[in-house]
Amino acid sequence: MSNESTHFIRARIEADRAAGRWGGRVATRFPPEPNGYLHIGHAKAICLNFGLAAEYGGTCNLRFDDTNPETEDPEFVDNILADVRWLGFEPTAVFYASDYFAQLYAWAEQLVRDGKAYVDDQSMEAIRANRGTVTEPGTPSPWRDRSVDDNLALLRQMKAGDFPDGSRVLRARIDMAHPNMKMRDPLMYRIRHAHHYRTGDAWCIYPMYDWAHGQSDAIEGITHSICTLEFDVNRELYDWFTAALGFAEPPNQLEFARLNLTSTVMSKRFFKRIVADGFVDGWDDPRMPTLAGLRRRGVPAEALRAFAERVGVAKANSVVDLGLFEFTIRDVLNHQARRRMGVLDPLEVVLTNWPQGQVTPLEAADFPADVGLPGSRTVPMSGRVFIERSDFAVDPPDGWRRLRPGGEVRLRYGYVIRCDEVVEGPDGQIAQLRCSVDLDTLGKGTAGRKVKGVIHWVSADHAVPAEVRLYDRLFTTDEPGAGTGDYLADLNPNTLSVKAAFLEPSVTADAPGVRYQLERHGYVYRAPEDADRGLVFNRIVGLKDTFGAKEERDARDDGDDAEVPAPAVVDPRAQAEAQARIKAQARLDHFTAHPEAEEAFQELVTAGASDDEAWTVASDPRLVALVRGAAGIADIGAVARWIANTLVAEARDRGLDALPFDGAALGRLVALVEAGTLNARLGKQVLAELLDKGGDPKAIAEAHGWIQVSDTDALGSAVAAVMAGAPDEVARYKAGEKKLLGFFMGQVMAATGGKANPGLVRTMLQQALDA
RNA sequence: UGGGGCGUCGCCAAGUGGCAAGGCACCGGGUUUUGGCCCCGGCAUUCGCAGGUUCGAAUCCUGCCGCCCCAGCCA
């Protein structure tokens, strides 16, 4: 199926393995808090963590992040474990953060002894107020500089239960003015005289998430701690704690975007609300996006896994079309679910020329030929059948392939029938169809006339009654609450439709838990939960319905043609001018405070640098020194251009301090490029090495043989060779695909080790190609 | 607004200096005893915008715009 893409987490793991980090080990974990049921969003995280571990021969633990005694419940522990197993994963080990409380506490004392944590007596309100805001720094607590001994004594008293809830906390001593709010002396412990479902009353102080999580990862030897995007601000703190404790090879946190689906809300608050309001029957209601709900609905675990793979893993917030999930379910079930016939809304059909009292067993394959799976069952045929009411129309629309007065249609796996008479009931509704059957059409085509329509049916005398429940999505819009902010207002009032259906009798042979495709309807599941009520089926998902979709579209097109507002047009020239003004003003402001920068700026502009380039260099004294060092060696404008466009990027990782070369060396490099000894690419390579080890540009170039080739004979043969090796591309180019010039350029440059004179090659290539 | 993250087709998503992958959706056509499945073809002269560097830019530089996250003793 999908050849799994190398998303950024896989790429990171592979890089780590290549670098030999953690001895090449891969250890992940899935860390739910046991305070609710898992939903389809969690399925993505589960598949990611367990999948990656399996892929790299690693381990994946299930760890309950149970650090908050007030919200957690053992009921959820069991259900979460069941959900994970149902999804098809077996944890390497099942752990609980609460098992680490003693270790965590010991480490907390260590941080106190190291002066890296302190007990704060401020009230919750005071702590909040003193945290500052995103734009203002916080103010240090008056208790921030207590002695180690006092802190230790107080922490022990906290642990011993000497203080009431909320009276004191333990905080990490980091920086109350830190730009990252998470780093402003974050809380490590709070006092809660609460009963924990696992540790009982052993503790009255409980660790906060940030304090517990990374350390729990470290205890378990996790290598890649994968979490969702909103925790990326926590990573700095995660790293601070593991560094403060001095772990040799601390785990790394990686964040990916959580799954969002159209027409779906995934929050515990929402789930609780609709369960409490009776909108659905419980957390495991088949309409719920919880794993329990999806399982009860009949969605196979394999579909969840395939879906997780299909949506990908990235860092961009996104909303996946619910249709993709439905497609994935069908894709999986198409090859698993045997076909059966069932009529949800019956219309009686009497076959007027059927031999009186005869019952004919018809063989029907379990799967159509294209699926290619074996098996069959027999379907009894008699003189009175039910067909779907929607498969008959007195006045059908264009393109109708089903039954109509006087029209013909094939009964699936059976005969062709013709509608001779429509019998109306007293209410004017169609009560019965009287049809004639062509007994010569079983298993063969129809001579001379084409019958396009095939409809499903059941023998009225043999069909078994069953309940089939059709579910609709929970919301009427793709983006619940988009306009109003109140997603409850967009709840779909009609999410359940219970059908008194008639199914072919063979379904009684299967036990609850089976999935069928009810032909032309969709996939259904006989939920074990409802087994005691007889034949009860949930429709998992409908079949793709191109005819119905078209009709719907036609109906909509007849309605209002909403005017699409024209996008605001931005005049590029105006934007460029506005930008120039903004930049100029920023420079002016900077120059007022730094007159020496203005001096350098003017100097560079005079020497021929553009304003932007001059500004980039002038705003950093280290760059100014560099460019001045090149004076008299190369054109100053060119040097400024190299610094602004290339050096800045190349030096980004290592920083600008203590460069292993001076301005003169840079000047000599630029001069080599100016003289044509090096082309731009070669120049960049030399610069990279200069940055790495220093040295003389010319010597570096010569040592590698990096000298630009401008010899037309040598270049000519390279061009010819490339063209000879790519006849298809040459033909396409000649046919007008001029953009392929870049492809040829790349080939020639690669063939010459990047040494060719690109301007020359381009000209020669064009000549040769246009010849 | 301080810090951080992210902008590639209607929705996801590859791509990290050399021909804009793939899937869903959509539009044609073929096949069909499921208006399903399957098959073939069409779907981004352009990567948030604007300048610049380069022979060559989605990718490098500069600026701007937009969306998301952080001010729980929740996780």
Side-chain angles (χ1 to χ4, degrees), chain A residues 2-3 5-7 31 33 35 65 67-68 71 124 127-128 131-138 165-166 169 178-182 184 187 189-192 208-209 213 229-234 236 255 257 262 310-312 314-321 323-324 327-328 330 334 339 368-371 399 401-402 410-414 443 451 453-456 517 519-520 543-548 550 570 572 575-576 578-580 582-583 586 610 612-613 615-616 641 644-646 648-649 679-681 729 732 737 739-747 749-750 757-762:
Chain A
S2 60
N3 38 350
S5 64
T6 73
H7 52 71
E33 183 188 11
N35 71 346
D65 217 344
T67 56
N68 185 350
T71 58
M124 205 197 301
I127 287 177
R128 199 196 312 271
R131 189 143 33 213
T133 69
V134 291
T135 51
E136 306 153 44
D165 285 2
V169 291
H178 202 287
N180 179 351
M181 298 289 296
K182 293 282 183 211
R184 319 246 259 228
L187 274 54
Y189 278 103
R190 74 283 215 184
I191 300 173
R192 284 283 173 283
M208 300 291 291
Y209 165 83
H213 202 87
L229 231 41
E230 67 268 25
F231 289 99
D232 72 338
V233 288
N234 299 60
E236 195 171 5
E255 313 87 22
T262 58
R310 226 185 282 254
V311 297
K315 297 195 75 154
N317 283 318
S318 60
V319 183
V320 175
D321 192 333
L324 180 62
F327 168 84
T328 307
R330 289 186 203 111
N334 183 36
R339 312 293 127 120
D370 53 77
V371 173
R401 304 226 293 248
R402 283 108 96 151
R410 180 181 290 277
L411 298 182
R412 171 120 243 230
Y413 306 116
V451 177
V454 178
I455 63 173
H456 59 272
Q517 183 198 98
E519 293 204 50
R520 306 211 303 134
L543 253 29
K544 185 180 176 186
D545 179 12
T546 45
F547 185 71
K550 186 182 177 307
V570 183
Q575 184 180 346
Q579 263 176 34
I582 291 167
K583 283 180 182 178
S610 74
D612 279 352
E613 286 154 4
W615 164 248
T616 302
R641 188 152 56 240
N645 287 299
T646 310
V648 171
N679 62 24
R681 175 194 293 222
E729 283 78 7
R732 278 162 60 200
E737 256 187 89
K739 68 176 179 189
L740 283 173
L741 190 63
F743 162 75
F744 291 113
M745 279 297 299
Q747 297 281 303
M749 293 307 287
N757 178 327
L760 218 47
V761 171
R762 190 184 189 85

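A, B, ... follow the sequence lines: proteins, then strands. Residue 1 opens every chain.
On the C1' atoms, rU45(B) is 12 Å away from rC19(B), given to the nearest whole Å. Going from the C1' atom of rU54(B) to that of rU59(B) covers 13 Å, rounded to whole Å. Using atom C1' as the reference point in both rC43(B) and rC9(B), the two lie 9 Å apart (nearest Å). Comparing rG2(B) with rA71(B), their C1' atoms sit 11 Å apart, to the nearest whole Å. When the C1' atom is used for both rC68(B) and rG28(B), the distance is 39 Å, rounded to whole Å. Here, rG66(B) and rC73(B) have their C1' atoms 36 Å apart, quoted to the whole Å.
Base orientation of rG15(B): anti, since the glycosidic angle falls outside 90° of 0.
Nucleotides of RNA chain B nearest to R641(A) and V371(A) differ in position, and the one nearer the 5' end is that of V371(A).
Among the protein residues, E255(A) comes within range of no part of the nucleic acid, since none of its heavy atoms lies under 4.0 Å from any strand. Residue-level contact check: G548(A) touches neither bases nor backbone, having no heavy atom under 4.0 Å from any strand. Residue V319(A) is classed as a sugar-phosphate contact, given heavy-atom separations below 4.0 Å to backbone atoms only. Note on G138(A): nothing from the nucleic acid sits closer than 4.0 angstrom, heavy atoms only. Within 4.0 Å (heavy atoms only), R339(A) reaches at least one base atom of the nucleic acid.
Each of rA13(B), rG5(B), rU34(B) was ranked by its minimum atom distance to the side chain of V454(A); first place goes to rU34(B). Nearest to the side chain of R681(A), among rC55(B), rU33(B), rU53(B), sits rC55(B).
Figure legend. rU32(B) is base-paired to no nucleotide; pairs are counted as Watson-Crick or G-U wobble with both atom distances under 3.5 Å. Remark: rC49(B) base-pairs with rG63(B); criterion is Watson-Crick or G-U wobble with both hydrogen-bond distances under 3.5 Å. In this entry rC74(B) has no Watson-Crick or G-U wobble partner, no candidate having both defining distances under 3.5 Å. In this structure, rG41(B) forms a base pair with rC27(B), meeting either the Watson-Crick or the G-U wobble geometry with both donor-acceptor distances under 3.5 Å.
Within the structure, a side-chain polar atom (N or O) of R520(A) is placed less than 4.0 Å from OP1 or OP2 of rG35(B). Checking the phosphate oxygens (OP1, OP2) of rC12(B), no side-chain nitrogen or oxygen of T262(A) falls inside 4.0 Å. Dashed line: the shortest gap from a side-chain N or O of T328(A) to OP1 or OP2 of rC24(B) is not under 4.0 Å.
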One character per nucleotide, please: for nucleotides 70-75 of chain B, 5' to 3', B when the base has a protein heavy atom closer than 4.0 Å, S when only the sugar-phosphate does, - otherwise. BBSBSB
If a protein heavy atom is under 4.0 Å from the base, mark B; if only from the sugar-phosphate, S; if neither, -; do that for nucleotides 60-68 of chain B going 5' to 3'. SBBB----S
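Between E737(A) atom CD and rG18(B) atom P there is a gap of 18 Å when expressed in whole angstrom units.
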